[in-house]
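Contents: one structure, followed by commentary.
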Amino acid sequence: MKKDNQWPLWEVFIRSKQGLNHKHVGSLHATDQQMAIKNARDVYARRNEGVSIWVVKSEHIHASSPDKNDCFFDPANDKVYRHPTFYNIPDQIDHM
Amino acid sequence: MQNQASYITFLTRLADNNLILGHRLSEWCGHGPELEQDIALINVALDLIGQSRFLYQKIGDLEQKTEDQIAYFRDAGQFYNLLLCELPNEHFGTTILRQYLYDQFHYLVLEQLISSSDEFLVSYAKKSIKEVEYHVMQSKAWVIRLGDGTEKSHQKIKASLDKLWPYTDEFFMMDSVEDPLLEAEKIKKQWLVKVNQTLSEATLEAPEQTWPQKGGKWGKHTEHLGFILADMQFLQRAYPDAKAW
């Protein structure tokens with residue numbers, strides 16, 4: 001981390017209920033993983049938001065580059081056959 | 001079964017501990033050493049104040065008063081909180097150690113109340129113990145972190161421990177009000193085991209011989225409580241009939 005006297009930054013992911021995926025909710029500072037999970041509980045899960053918390057050090061997240069968006073994402077735009085939209089999904093299946 | 005006056009004193013002691021300590025913690029709002037710790041401390045403050053409300057409402061039912069009348073229209077001599085709960089926050093280390101010493105005690109009290117024969121206390125304890133279990137986790141981790149941290153953090157929390165320790169004897173000085181509902185000796189034994197474990201993990205040691213500080217449970221307070229009440233009660237007393245703030 002940078003030497004700016006800040007604790008390391010962590011990204012927080014919360015599963016809001018069983019069956020759903022963990023979703024990124026924000027970031028926070030903490031010195032280690034135990035503290036990061038407790039802080040995440042206090043900062044992001046105090047209004048009943050979740051049933052499970054993941055934390056990952058921000059430095060371990062690698063992102064795609066915005067200037068490569070054209071070649072990364074545009075080619076998928078006109079390929080409708082890649083989406084399984086031709087099936088009827090039963091109502092009982094909530095989270096597809 | 002104890003008489004109603006004694007039962008109300010019992011509830012008042014529990015409630016006042018939580019209200020006064022909760023108020024003390026709330027003084028950290030906006031001043032926490034880190035944003036995340038600021039929020040964490042205030043969460044605990046809100047838990048404690050919420051627990052005190054639950055109890056004041058019960059007392060209010062028994063005495064035909066509102067919870068606000070009980071919280072805001074009593075003077076220092078009618079508050080029965082432990083002296084430890086009213087001590088100043090000082091630095092984060094003192095605050096979190098004060099919290100740990102109380103949390104660990106609080107947890108053991110609730111654990112006994114869960115198996116008491118009083119229906120109200122059982123429901124109160126069941127609801128609160130989950131919150132308090134987290135309080136213990138949180139404050140304990142910080143005591144270990146600071147005690148076993150840098151030389152400076154160790155020295156500072158050691159000084160806090162020497163200062164706060166004499167106030168812990170009051171936890172276990174139980175009288176006819178508590179005797180029917182709590183086993184003081186058992187709580188003391190369990191508390192010492194748990195706290196000494198934590199202190200040794202934190203490379204700290206409890207002071208050996210101290211002069212016990214007591215009085216809060218019987219309405220005899222340090223000079224600090226008056227300042228807390230002045231702060232906490234001013235608005236209600238200045239505008240007693242106000243319906244909205």
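Chain letters run A, B, ... following the sequence lines, proteins first, then strands; residues in each count from 1. Only a predicted model underlies this, so the values are computations on that prediction, with no experimental measurement involved.
A/Asp42 and B/Gln37 share no donor-acceptor pair across their side chains, judged by distance under 3.5 Å alone.
A salt bridge is defined here as a Lys NZ or Arg NE, NH1 or NH2 lying under 4.0 Å from an Asp or Glu carboxylate O, and A/Arg46 with B/Asp47 fails to meet this definition.
Around atom CZ of A/Phe72, no more than 12 heavy atoms belonging to other residues, nucleotides or ligands sit under 6.0 Å away. A/Asn69 CG: more than 12 foreign heavy atoms inside a 6.0 Å radius. The environment of NZ in A/Lys23 is sparse: at most 12 heavy-atom neighbours from other residues, nucleotides or ligands sit within 6.0 Å. Heavy atoms from other residues, nucleotides or ligands lying under 6.0 Å from NZ of B/Lys158 number 12 at most. Atom CZ of A/Arg41 has more than 12 heavy atoms from other residues, nucleotides or ligands within 6.0 Å.
The CD atom of A/Gln34 lies 8.0 Å from the CZ atom of B/Arg145; values are rounded to the nearest 0.5 Å. For the atom pair CE (A/Met35) and CD (B/Gln138), the distance works out to 9.0 Å, reported to the nearest 0.5 Å.
Residues B/Glu34 and A/Thr31 fail the side-chain proximity criterion, which asks for heavy atoms closer than 4.5 Å.
Formation of a donor-acceptor pair under 3.5 Å by the B/Glu36 side chain with backbone atoms of A/Asn39 is not found in this model.
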